[in-house]
2 protein chains.
Amino acid sequence: MDVKTLCLGVLNRSEASGYEIKKAFEEGAFAHIHAASFGSIYPALNILCGEGKVVRRDESQDKRPDKKIYSITEAGRAALHLALMEPPAADRVRSDLLFILFFAQLLPAERLARLIDERIAWYRGHLQRMDCDDKAETPSAHPTPGERFVCGMGQAVYGAAADYLEQNRDTLIAEVEAAARFVAE
Amino acid sequence: MDVKTLCLGVLNRSEASGYEIKKAFEEGAFAHIHAASFGSIYPALNILCGEGKVVRRDESQDKRPDKKIYSITEAGRAALHLALMEPPAADRVRSDLLFILFFAQLLPAERLARLIDERIAWYRGHLQRMDCDDKAETPSAHPTPGERFVCGMGQAVYGAAADYLEQNRDTLIAEVEAAARFVAE
DNA sequence: GGTTGCATGTAAATGGTTACATGATTGT
DNA sequence: ACAATCATGTAACCATTTACATGCAACC
């Protein structure tokens, strides 16, 4: 899934500026699915424009720079449908945290505690945000079945991760400290 | 986390060839943490060798090409420790599947069913593999607390994902089909 | 006075994947 | 006969990130 397709996906829900598309990947509906930076979104949007898959409209705002609002076209919808019918690449997870925790016995207990606590807080924060989205987010007062399904999946996975960290945090730290004492003797 | 650090991590558990390191990221202990291809592993190993962080030893095998087995050095361990003390980058997930399912209403029900079923099977397969690792995997008859913790996290997350897919599969498909009928009228 | 949020963009550097090249063995 | 597993490596290509460039408004 390249950034172009990702942008078409966001724009299929509702028209948006490049800035708003980035937010969709950061805090919005696509947060736990994919990521994209400005450096990839803006060029992608320009290419899509040239291909007739989106159209640009300028909206002047007072006291702010102009917004360039992109809307998906029929050609864009067709391209999105086509991409959705392709076999999906395997999920890719890269977690520095888990890599670090893998070597827990090499780290001071305080660092373990902080890393795990921070991650729990991160998960809980995102879970709350997702919950709010269900009720409050404007663009989809009527979220589609797909949106609800994917959001639910995110909640299930994040919830399980947070619960696991909470339930095993103390055991890990205790074991690491016990091992350290054993080595010291 | 660059591939060099990832390799040091694998080699910190036990010496290995480039080929075996790749397997650690594909099916081994690091499978759900990070990924790396031959095109990045072999060059990384050569650089680490030049930096004195690993040493190479050639093992001739009959009826097979020579194996180049890498072992971590003290300098390598120091480099790994240093990397482990750095603040971890945020986890990155990129899931084509969830992106596709987000637009479930644009897809035929059979495709939804197949995609979800395949993914459930994938999760269940990996869960079984992880379980076997606990009992059978050679290099760590005594897995460290960190290894057990990370493995447990993988099981918790994969289990939650598989359960969610199983429990919501039929509802999603029914909703999408209901919506399709509604449009047809 | 500094940071955060809004808003768009470019260019260089990075980091990694994909494809290619090679070759024997084992299983279907 | 063909695919898969074992085994190493290179080079071209790619996509994306990072850093830079610009600027105003609101908040602390």
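In what follows, chains are A, B, ... by sequence order, proteins preceding strands, each numbered from 1. What you are looking at is a predicted structure, and each value in this text was computed from that prediction instead of being measured.
- The closest side-chain heavy-atom distance from Thr144(B) to Glu175(A) is not below 4.5 Å.
- In this structure, Arg92(B) places its CZ atom 8 Å from C1' of dT17(D), rounding to the nearest Å.
- The nearest whole Å value for the distance from the OH atom in Tyr42(B) to the P atom in dA11(D) is 16 Å.
- Between dG16(C) and Ser40(B), no contact under 4.0 Å exists linking OP1 or OP2 to a side-chain N or O.
- Between Asn46(A) atom CG and dA7(C) atom P there is a gap of 18 Å when expressed in whole angstrom units.
- Within 4.0 Å (heavy atoms only), Tyr70(B) reaches sugar-phosphate atoms of the nucleic acid but no base atom.
- Looking at the side chain of Ser17(A), the nearest of the listed nucleotides dT8(C), dT17(C), dT10(D) is dT8(C).
- Between Phe38(A) atom CZ and dT8(C) atom C1' there is a gap of 8 Å when expressed in whole angstrom units.
- Taking for each of Val3(A) and Lys68(B) the nucleotide of DNA chain D with the nearest heavy atom, the 5'-most of the two is the partner of Lys68(B).
- A parallel orientation is assigned to the rings of Tyr42(B) and Phe38(B), their planes being inclined by less than 30° (bins at 30° and 60°).
- Straight-line distance from the CG atom of Asp2(A) to the P atom of dC14(D): 13 Å, rounded to whole Å.
- Using a distance-only test at 3.5 Å, with no hydrogens or angles considered, a donor-acceptor pair links the side chain of Thr73(A) to the main chain of Lys53(A).
- In this entry the distance linking NZ of Lys22(B) with P of dG9(D) reads 15 Å, nearest Å.
- Each of Gly39(A) and Lys67(A) has a nearest nucleotide on DNA chain C; the 5'-most of these lies closest to Lys67(A).
- Set against dA7(C), dT16(D), dT10(C), the side chain of Tyr19(A) has dA7(C) as its closest nucleotide.
- By the rule that hydrophobic residues join a cluster once side-chain heavy atoms approach within less than 4.5 Å of another member, Ile173(B) and Phe149(A) end up as members of one cluster.
- Atom P of nucleotide dT8(D) and atom CD of Glu20(B) are separated by 8 Å, given to the nearest angstrom.
- Between the Asn168(A) side chain and the Tyr164(A) main chain, a donor and an acceptor come within less than 3.5 Å of each other.
- Between the C1' atom of dA4(D) and the NZ atom of Lys23(B) lies a distance of 13 Å, rounded to the nearest Å.
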